[in-house]
Amino acid sequence: MGTSTYVSDSGRQTAAVLHSLLLLGVALSLTCATASVNGGESGVVALRGGGGSGILHREHAHSSRRLQSSTCTGCAPDMCLPQSGCAGCDLDNGWLANGSGGCTKSVAVAAGDRTALNTAASDDDAAPDDNTAETLEYTNRALTFHQLCRSNGVLARGKTGSVFGTGVTGHLVKVVLSREAQVIAQGGGVVDKAGRWLARLGSLEAATGLTLTAQVEMSNGTLVAQTIAYNMAVGELWLASGQSNMFFSLGDINSKDKALYGQLARSAMAQAERYPDIRLLKVPGKMIPTPRIELQDATVWHLPTPDYVKAFSATAYLTAVELYKKLGVPIGIVQASYGGSSVVQWMPPAVLASIKKPTTSRDSPTKNLYNGMIAPLKGTTWSGVMWYQGETDGGTTFDNPLYAFYSQMLRGIMTSWRSTFSQRDLEFQVVQLARWLPPYSSSTKLSLNHWPLVRESQRMVIAADDYSSMTSVVDLGLAATIHPPNKFGVARRLAASIVARGQQLAGVPVTVAASGPTFSSVRYGSKGTATITYSNTAGGLIVGYKDNYSVASIKRQKYYAAVRCFEVRYWGVWYGAIGRRTSSTQVTVTARDKKIKKPSGVRYAWLDLPACNLYNTALLPAVPFTSDSYYAINERSKMAAKTSG
């Protein structure tokens with residue numbers, strides 16, 4: 001008969017029934033079968049036969065490196081590792097040598113006894129945070145899921161679902177995704193020489209309440225090893241990465257803004273448990289010189305709680321809430337962000353080395369974030385990537401000349417991550433930098449920042465890529481802080497962009513406005529004029545401004561109000577210009593200086609802190625641009641290279 005248990009995930013209940021044993025026709029009279037503790041714990045659970053109460057056997061993983069030779073009692077022969085003792089284990093408190101290279105603690109548990117299982121599941125030492133020790137430890141495991149495939153996790157819908165983990169080299173791992181007695185999908189894979197396996201499950205539809213089972217059988221059908229993940233879901237699975245504005249949490253908003261956004265943050269935290277179909281996982285920050293294979297074992301999936309979302313990325317979590325409201329499917333967010341990071345730190349070292357650019361201290365392999373935070377996720381199939389980064393590479397001085405090479409760096413990120421995850425069409429949703437008042441030179445009174453160039457690099461790269469979109473939040477920034485507290489506006493726009501892109505890919509009518517007015521073309525006239533044509537006007541252009549300390553969105557101005565923040569170029573010099581709407585898709589600008597004849601270039605919001613006021617009828621801001629992108633970037637590249645040389 002089956003055994004009913006509860007298995008903990010960081011102290012939260014995950015109800016499960018080990019029905020998969022019945023599905024697969026395996027009796028619980030097995031002497032030694034293993035299953036990983038869900039929630040990402042470092043050991044395995046051994047299932048042994050007998051009545052309805054059951055016994056939980058918990059691996060003492062830290063001892064596995066010290067065990068040596070001799071006997072293995074009651075296990076399948078090909079699963080036993082020679083051993084004679086259990087050095088370092090507390091035998092008096094129930095730790096016993098086992099046949100998988102570790103020590104097992106047996107705890108009698110009545111069916112449904114959640115407290116005892118929580119205690120047993122957490123009653124061991126964490127594996128050392130050391131790559132060498134980690135490699136030795138995981139290769140001795142019988143069978144485990146990767147942390148992203150464990151309980152409460154989310155698999156991407158509409159994609160070829162991938163499930164992966166570690167096991168014994170040469171073993172064939174069979175994987176079944178099921179709900180109650182119904183098999184949803186199945187697949188398999190062979191454990192390679194590095195101890196890793198991967199199984200493809202085919203295209204999956206959105207669903208909840210799923211059980212994911214992986215097992216290894218002998219040729220005679222005897223179950224050798226098994227691991228189970230409970231409360232799994234299929235839906236949207238997004239990787240949220242970048243630097244401090246992606247790392248910035250609801251708790252940060254609450255502590256730094258006691259007015260409107262602090263109140264909204266407290267409300268969002270209080271309502272977190274309303275969304276059990278949102279699943280969150282936070283990748284620990286890690287800079288290491290070589291790629292890591294797995295995450296720290298304590299890295300687990302969480303259902304939203306006030307305490308957990310308080311420390312989670314505000315942009316990512318609030319976007320998940322917006323997506324859930326719009327799509328009605330489970331949403332999984334994996335946060336892998338690091339405050340103050342440069343774009344170069346998120347690239348594989350080999351890819352970074354292939355790009356011609358000035359060398360900075362961030363290039364050091366010891367400061368590489370890709371190795372420690374992205375490489376361990378290899379094997380995952382994603383719905384897409386949310387990328388919010390670029391502030392550091394905007395540069396506050398010429399000591400950081402990467403602002404002139406940001407377009408190359410961003411393309412490198414997108415290309416290399418698509419290769420890492422074997423998804424040629426991996427979607428990137430890039431958040432364009434908001435406005436901010438950076439430091440100014442005391443001698444020249446000029447900005448030491450280059451955010452306009454980074455914004456333009458983001459625009460250019462996205463415009464040239466078939467699998468990416470950009471969300472402009474230029475109007476949501478504040479002069480006084482590099483971390484604007486209005487992450488609620490960022491999330492609404494980012495979610496709208498994701499939904500619109502999904503509709504576009506599905507070949508259905510796009511019902512959501514995803515972008516503000518976007519530069520399409522320009523026609524120059526005499527007397528210092530230029531007529532700009534926009535796309536993405538959503539029915540028309542309006543003039544207004546964003547009051548970032550009002551719940552109201554955009555405050556419209558009169559139709560004949562001037563459009564600010566335009567400039568025209570004449571003989572290599574930029575001059576201020578006034579814009580007027582001349583149609584639902586066009587703005588005509590006129591140079592303030594009457595001596596200017598026919599301009600040769602035009603740009604909009606080319607400032608660190610632009611007072612931009614052009615929107616579409618969906619109340620989304622016009623995207624900053626320059627008609628001379630390549631000219632601007634090439635000139636800046638020459639200047640940066642000369643200064644850094």
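Contacts of T380 classified as side-chain hydrogen bond (donor to acceptor under 3.5 Å, both in side chains), with partners at least two apart in sequence or in another chain: none.
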Could you go through R501 and Q504, starting from their C-alpha distance and side-chain angles, then the distance that decides it, and tell me whether this counts as side-chain hydrogen bond (donor to acceptor under 3.5 Å, both in side chains)?
CA-CA 5 Å; R501 179 63 174 158; Q504 182 184 22; 2.9 Å; yes

Check the pair R580 / T588 against side-chain contact (heavy atoms from CB on, under 4.5 Å), numbers first and verdict last.
CA-CA 5 Å; R580 304 285 181 185; T588 297; 5.6 Å; no

Could you go through I532 and Y604, starting from their C-alpha distance and side-chain angles, then the distance that decides it, and tell me whether this counts as side-chain contact (heavy atoms from CB on, under 4.5 Å)?
CA-CA 10 Å; I532 300 102; Y604 174 72; over 6 Å; no

Is there a side-chain contact (heavy atoms from CB on, under 4.5 Å) between W574 and D628 once you walk through the steps?
CA-CA 12 Å; W574 290 97; D628 297 328; 3.8 Å; yes

F248 vs V490, side-chain contact (heavy atoms from CB on, under 4.5 Å): CA-CA, chis, key distance, verdict:
CA-CA 12 Å; F248 202 72; V490 176; over 6 Å; no

Determine, step by step, whether S472 and Q432 satisfy the side-chain hydrogen bond (donor to acceptor under 3.5 Å, both in side chains) criterion, reporting the C-alpha distance in whole Å, the side-chain angles of both residues, the deciding distance to 0.1 Å, and the verdict.
CA-CA 5 Å; S472 179; Q432 193 181 43; 3.2 Å; yes

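Taking CG of L437 as the start and OG1 of T481 as the end, the distance is 11.5 Å to the nearest 0.5 Å. With values rounded to the nearest 0.5 angstrom, R492 atom CZ is found 11.0 Å from L620 atom CG. One finds the OG1 atom of T415 at 10.0 Å from the CD1 atom of I413 (value rounded to the nearest 0.5 Å). One distance of note links CD1 of I253 with CG of N486; it measures 8.5 Å at 0.5 Å rounding. How far CD of Q586 is from OG of S521: 7.5 Å, rounded to the nearest 0.5 Å. The CZ atom of F519 sits 13.5 Å away from the CG atom of N536 when rounded to the nearest 0.5 Å.
Of the possible donor and acceptor atoms, none in the side chain of R279 sits under 3.5 Å from a partner among the backbone N and O of V154. For the pair W387 (side chain) and G242 (backbone), a donor-acceptor distance under 3.5 Å is absent. Between the side chain of R455 and the backbone N or O of L433, at least one donor-acceptor pair lies under 3.5 Å. Remark: the backbone N or O of S249 is paired with a side-chain donor or acceptor of D252 at under 3.5 angstrom. The backbone N or O of A336 sits less than 3.5 Å from a side-chain atom of S241, completing a donor-acceptor pair. A side-chain donor-acceptor contact under 3.5 Å links T305 to the backbone of Y308. Although no hydrogens or angles enter the test, the distance criterion places no donor-acceptor pair under 3.5 Å between the side chain of Q458 and the main chain of V430. Judged by distance alone, with hydrogens and angles left aside, the side-chain atoms of T585 form no donor-acceptor pair with the main-chain N or O of T533 at under 3.5 Å. Between the S515 side chain and the A513 main chain, no donor and acceptor come within less than 3.5 Å of each other.
V623 places none of its side-chain heavy atoms less than 4.5 Å from the side chain of P517. Counting heavy atoms from C-beta on, the side chains of M347 and I355 come closer than 4.5 Å. Side-chain contact between M414 and V385 is absent, with no heavy-atom pair separated by less than 4.5 Å. Within the 4.5 Å cutoff, side-chain heavy atoms of I498 are placed close to those of M386. For the pair V473/Y388, a side-chain contact is recorded, criterion being any heavy-atom separation below 4.5 Å from C-beta on. Two residues are said to be in side-chain contact when any heavy atoms from C-beta on lie closer than 4.5 Å; N245 and K487 meet this criterion. Within the 4.5 Å cutoff, side-chain heavy atoms of P349 are placed close to those of N371. Contact annotation: the side chain of I542 approaches that of R581 to within less than 4.5 Å [non-hydrogen atoms, C-beta and beyond].
Closest heavy-atom contact between Q429 and S497: OE1-OG, 2.6 Å. A pairwise comparison of heavy atoms in D363 and P358 identifies OD2-O, 4.2 Å as the closest pair. What you find for Q345 and S341 is that their closest heavy atoms are OE1-CA, 3.4 Å. The two residues L250 and A268 make their nearest non-hydrogen contact at CD1-CB, 4.1 Å. Listed here is the closest heavy atom pair of I278 and L280: CG2-CD2, 3.8 Å. In this structure, N368 and V344 approach most closely via the heavy-atom pair ND2-O, 4.5 Å.
In this structure, F625 and F566 have perpendicular ring planes: the angle between them is above 60°, well past the 30° mark. Between W436 and W451, the angle of the ring planes lies from 30° to 60°, which puts this pair in the tilted group. Between F421 and W417, the ring planes are perpendicular. Angles over 60° get that label, and only those under 30° would be called parallel.
A donor-acceptor pair shorter than 3.5 Å can be found between the side chains of T511 and Q503. Between the side chains of T590 and T529, no donor-acceptor pair of N or O atoms lies under 3.5 Å. Donor-acceptor pairing under 3.5 Å is lacking for the side chains of D425 and Y467. No side-chain donor from either of N616 and T537 sits under 3.5 Å from a side-chain acceptor of the other. Residues S244 and E391 bring no donor and acceptor atom of their side chains to less than 3.5 Å of each other. Checked by atom type, the side-chain pair T420/Y370 shows a donor-acceptor distance below 3.5 Å. Remark: the Q147 side chain and the T299 side chain contain no N/O donor-acceptor pair separated by less than 3.5 Å. Side-chain contact, Y406 with Q389: a donor N or O sits under 3.5 Å from an acceptor N or O.
Ion pairing of E567 with R603 is present here, as a side-chain N (NZ or NE/NH1/NH2) and a carboxylate O approach within less than 4.0 Å. Using a cutoff of 4.0 Å between basic side-chain nitrogens and carboxylate oxygens, D475 and R493 are scored as salt-bridged.
For F247, the CZ atom sits in a loose shell: 12 or fewer heavy atoms of surrounding residues, nucleotides or ligands are nearer than 6.0 Å. Environment of NZ in K282: crowded, with over 12 heavy atoms of neighbouring residues, nucleotides or ligands closer than 6.0 Å.
The salt bridge (Lys or Arg N to Asp or Glu O under 4.0 Å) with D465 is formed by just one residue from the set R418, R411, R424; it is R418.
Judged by the 6.0 Å distance and 45° axis criteria, K310 is not positioned over the aromatic ring of Y317.
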